[in-house]
Protein chains: 8
Amino acid sequence: MKTKTLVGVIMGSDSDLPVMEKAFEIFREFGIPYEVRILSAHRTPKQHTEYVQTAERRGIKTIIAAAGGAAHLPGVTAAHTTLPVIGVPIKSKALNGMDSLLSIVQMPSGVPVATVSIDGAKNAALLAIQIIALTDKKIKEKIKRYKRKIEKESFAKNKTLTVK
Amino acid sequence: MKTKTLVGVIMGSDSDLPVMEKAFEIFREFGIPYEVRILSAHRTPKQHTEYVQTAERRGIKTIIAAAGGAAHLPGVTAAHTTLPVIGVPIKSKALNGMDSLLSIVQMPSGVPVATVSIDGAKNAALLAIQIIALTDKKIKEKIKRYKRKIEKESFAKNKTLTVK
Amino acid sequence: MKTKTLVGVIMGSDSDLPVMEKAFEIFREFGIPYEVRILSAHRTPKQHTEYVQTAERRGIKTIIAAAGGAAHLPGVTAAHTTLPVIGVPIKSKALNGMDSLLSIVQMPSGVPVATVSIDGAKNAALLAIQIIALTDKKIKEKIKRYKRKIEKESFAKNKTLTVK
Amino acid sequence: MKTKTLVGVIMGSDSDLPVMEKAFEIFREFGIPYEVRILSAHRTPKQHTEYVQTAERRGIKTIIAAAGGAAHLPGVTAAHTTLPVIGVPIKSKALNGMDSLLSIVQMPSGVPVATVSIDGAKNAALLAIQIIALTDKKIKEKIKRYKRKIEKESFAKNKTLTVK
Amino acid sequence: MKTKTLVGVIMGSDSDLPVMEKAFEIFREFGIPYEVRILSAHRTPKQHTEYVQTAERRGIKTIIAAAGGAAHLPGVTAAHTTLPVIGVPIKSKALNGMDSLLSIVQMPSGVPVATVSIDGAKNAALLAIQIIALTDKKIKEKIKRYKRKIEKESFAKNKTLTVK
Amino acid sequence: MKTKTLVGVIMGSDSDLPVMEKAFEIFREFGIPYEVRILSAHRTPKQHTEYVQTAERRGIKTIIAAAGGAAHLPGVTAAHTTLPVIGVPIKSKALNGMDSLLSIVQMPSGVPVATVSIDGAKNAALLAIQIIALTDKKIKEKIKRYKRKIEKESFAKNKTLTVK
Amino acid sequence: MKTKTLVGVIMGSDSDLPVMEKAFEIFREFGIPYEVRILSAHRTPKQHTEYVQTAERRGIKTIIAAAGGAAHLPGVTAAHTTLPVIGVPIKSKALNGMDSLLSIVQMPSGVPVATVSIDGAKNAALLAIQIIALTDKKIKEKIKRYKRKIEKESFAKNKTLTVK
Amino acid sequence: MKTKTLVGVIMGSDSDLPVMEKAFEIFREFGIPYEVRILSAHRTPKQHTEYVQTAERRGIKTIIAAAGGAAHLPGVTAAHTTLPVIGVPIKSKALNGMDSLLSIVQMPSGVPVATVSIDGAKNAALLAIQIIALTDKKIKEKIKRYKRKIEKESFAKNKTLTVK
């Protein structure tokens, strides 16, 4: 049965939801069962640890963690699992996400986080799907079709260009 | 048979080899067959495209691409495949890798690159292994053992502390 | 005949069009035939390569490439041609174009990109014209007249100053 | 009895020890009992959590946490205690500690970390002592004497100046 | 009697008041007597020095100093007292508080400032309370309750999540 | 006759010569007559202006201007000519060339500078050659051959790889 | 007679006028005769050079030069005079004035520019007045009175504080 | 009599002396009487305040203040005098002087500091001399001669160029 949740999306605060909505859209478009949790490395560390430690045995294949500022959530998630962890740096108020990006990407040896661009929720979802697609032919076919689709859409823009 | 190459490691210049050596060590430690190519998005674009386009059908599961400065190799690799692409920003001479990092991580929607830290070759390899481990129980066991090993080694440092 | 297209303006996304409009205005003011294409190094790499590889034989003298974020378009364009390539870093949402600038200007040895300022579409067009003017006396005369015009306009501002 | 440990100094890696040695010197100069642990938010999260959760009841008054790169240790320490946590950003190889600084100082609302300068181990110790001095008259007297001493030493430099 | 002022909050300009209001709210929530002063290291240095030098003997336990741009107030405050000084970098107009942050956190050896995040007024107040709580059991109990409250509130967000 | 000087290379200080030597090598390899001048926008503005104003009528096709720190030379050169001006940001002592880069690339509308990477002397020369090649078939052939050569050399590195 | 112009305020573009208005207000408040010119180092270099070279003999005591982006005006002004030159970095669109600041402050040895803060027009005027005051007792008295006034105004803010 | 001290050079630490030596050389070359003091805004605030407050009446015309990191010395000097204050940002260990620069240049309205480049001791001295020269014809003549000298020396470099 396909309905087992494959991706866990966690974020430090519900204020990150509007940004992460773009990931959810991708998962719905691809029919990937996902779940969403508000879990903070700083405010709910116990619940976060528990969530991460049980993720793998519940069938989760990859965890997407989004956070802003001193963005510890992705790294601390990676500390508790051997699943691939994808980090999304959220654009922060003062420093525009440069703090979030460095807090996520500059992980020490031994504990990698697969970092995407600032507010890159959509790409986080696509990366998760590329990982899942390695062992699911139907998803593989869908991601290839998606790639052709954005190629076509991008190139089609040339037809409606009215410059010059 | 296990000896099929699972990871392709490409880099823009052979001057990146000393940094990437740390990834090779990890692959050897885990017994992951890998291959190494010097392929530049700028100097050998044709050979690069060909390599990337044929990688999946040759059984490659993920591509690690390392580059410095205006580091286009990971992103341009991701343009030609639906395999997960892991980007390693190489520390650059003038800007210490900040240029490499931003050139790799800030990818546009639709074409993700899983970025690790500046000179993070070791973590790139571990991330590749975590991805492969999703469908290989032996590798999964090894990566879990590795995690316990670095935990033990790290904690063991406390025994030899002679401060105070 | 003069109507042969001399400059190709390419950009990664049609969202860059409002910025690049300033380049088009300059080309129209100078009577330089130009063409515009939406071509992405990441979403339409094949079409991009083909466009660039055929540009020179179609009479194009220089290519202006605009892109934001991990801005690979100018560099990857330069990989496929020996025409001068002018790069325009587009101001990006999170990092204000610092990522675009570094991704464009920090090219490795052997493959130069003539980089202008962030959102510097107008200067990109003027630079293209300065290059074309090297072998076209009429254009040379026009660019000299333009330089005198902006000198005059700039100095004329002093007459209408009402400070003090 | 005075010999109860008052300050816990933790750091992510024993490579941070040479920097932190300056804190130990201050504690020895002031006669403040302290303890040192190598505890990583990423490699030994379980041991770290246990250490932090039991610190208060063992009489620890403040915890100094040092880390570099994606420096999560101070913030994750603050997640598990209501003791004041002092964060020391360690100078990192590529980004000179700017990543460490932002990862430590930009904590979200509700979970403060008292951040000192990059490699500011000495000031971290002095800050801990200023906190402890609030309720210990002897320490208060010592810190006041220390302040007068560095004033005197600094001003005395003028006597040996041989410029001009 | 409890009504003795425990925390002095000073800031360089009354334009910083809206940011610092979040600190005042925390103090009111915890019942911590505090006082507020507009004192500039540059415009009213004499009054500032006098305020700081008399703070300790008036019973103040810690001083919170907020400033933006070339933010000298926290450091110059620390020059005149052995009380713990907490620095709040105010987001500045041009550089978004990066100037404020570096001006506050990069203090020289001997004179620490406990720096919190840009505009981190709330955390400055909580840090002050954590320090005071070291010797006040009622405040200790309150800060522990507060920590449990934000944990509960944060985790409760999951119940109202309607994504998916 | 070919021996007329085609490129003027100017720099603010003779301390920039070792960096610029890489441009001279390229010109010698391509047989492009060039000249070198130490001319400072700040120390010898009169001589600089005179040099630039007479360059075009002496047959110069493009000027390469190198400078570090507050690097005004390229921009001020562009103020006095309609020849294409190529700017080389020299790596500076304190800020590693970030100051040089921004001082050169962020030119106002109307006065473009074709900026290459920090210390990018070689690419500056290649860009000048690409411009000259637009009207010189022999140079065009040489630059195409050069491109094939670096492609070949780059790809040949794969043969000597002894990793794995 | 006092009405001789003492300060020349020049700026690269009339778009800088709103920022510089704050300098004019100060000069009017102090009764300092000043003049304003739109002079660009890039668009009107000849007129700029002439203005600067004749400034001293016309009685100008100091020149304030404001510019944004690749802000060469202050430095190029300093190249042509031995009068003190004060530079005002104008906040730029993409990089918020960081480019303007570095372009102005990082001048090479031999040609200083007295740089004030980004958009610091008011301080530029006060600095000019402090310089003039060195030889004008009336202005000296005024600047001392001004200092006392801002001290008084700043401290008076405390009376109307209604926090707590 | 000429031997009255005209410039006060102060710095936060004697470790800044090697950098500031370049200022002393200039003063000796110009025959400008100067004095040097180690005065810290943080370690010896009282002595610093006293020095600054008495400087003007002792005949000092301008104060040069050098400091690194959270570099408060120039700004706090400007708080206590109406003499022009020149700030020299000292290159710092971790952040290469970017912290020093922002701490000095970003002063609030009302209290200007004339900032020169990172480690710009020589230019600080020349700026002081340009200010003094406004009312001293002999110094004026010397500074003009100096400007001609560096022009001549700079241009003379062209004679010994052996490139090409």
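By convention in this document, chain letters (A, B, ...) are assigned in the order of the sequence lines, proteins followed by strands, and residues within each chain are numbered from 1. The figures here come from the full heavy-atom set of this structure, side chains too, leaving out hydrogens, waters and symmetry mates.
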So which of T81(F), I26(F), V85(F) has the biggest tally of heavy-atom pairs under 4.5 Å with chain C?
T81(F)
More than 12 foreign heavy atoms under 6.0 Å from CD of E50(C): is that the case here?
no
Most contacts with chain C, counted as non-hydrogen pairs under 4.5 angstrom, among K61(F), K122(F), E56(F):
E56(F)
Structural part of V113(C) lying under 4.5 Å from a heavy atom of chain F:
backbone
Does the side chain of I118(C) come within less than 4.5 Å of Q106(F)'s, by heavy atoms?
yes
For G110(C) against N123(F), the heavy-atom pair lying closest together:
N-OD1, 2.7 Å
Applying side chain to side chain contact (heavy atoms under 4.5 Å, CB included) between T82(F) and each of I129(C), I143(C), L134(C), report the one that passes.
I143(C)
When L83(F), V116(F), T115(F), I132(F) are compared by non-hydrogen pairs under 4.5 Å with chain C, the top option:
T115(F)
Please classify the contact of K140(C) with chain F as side chain, backbone, both or neither, using a heavy-atom distance under 4.5 Å.
side chain
Neighbours of chain F found in residues 64-76 of chain C - heavy atoms under 4.5 Å:
none
Would you say K149(C) has more than 12 foreign heavy atoms packed within less than 6.0 Å of its NZ?
yes
Sort L127(C) into side chain, backbone, both or neither according to what part of it lies under 4.5 angstrom from a heavy atom of chain F.
both
Checking Q130(C) against I131(F) for the side-chain contact (heavy atoms from CB on, under 4.5 Å) test, could you report, in this order, the C-alpha distance in whole Å, the side-chain angles of both residues, the deciding distance, and whether it holds?
CA-CA 10 Å; Q130(C) 289 180 333; I131(F) 290 171; over 6 Å; no
Given heavy-atom pairs under 4.5 angstrom as the criterion, report whether the side chain, backbone, both or neither of P89(C) touches chain F.
neither
Under 4.5 Å from any heavy atom of chain F, what part of I86(C) do you find: side chain, backbone, both or neither?
neither
Could you tell me whether K91(C) atom NZ has more than 12 heavy atoms of other residues or ligands within 6.0 Å of it?
yes
Checking heavy atoms, do the side chain of A79(C), its backbone, both or neither come under 4.5 Å from chain F?
backbone
Scan P112(C), P84(C), S109(C) and name whichever one has a side chain to side chain contact (heavy atoms under 4.5 Å, CB included) with L126(F).
P112(C)
Between A78(F) and K147(C), which heavy-atom pair has the shortest distance, and what is it?
O-NZ, 2.8 Å
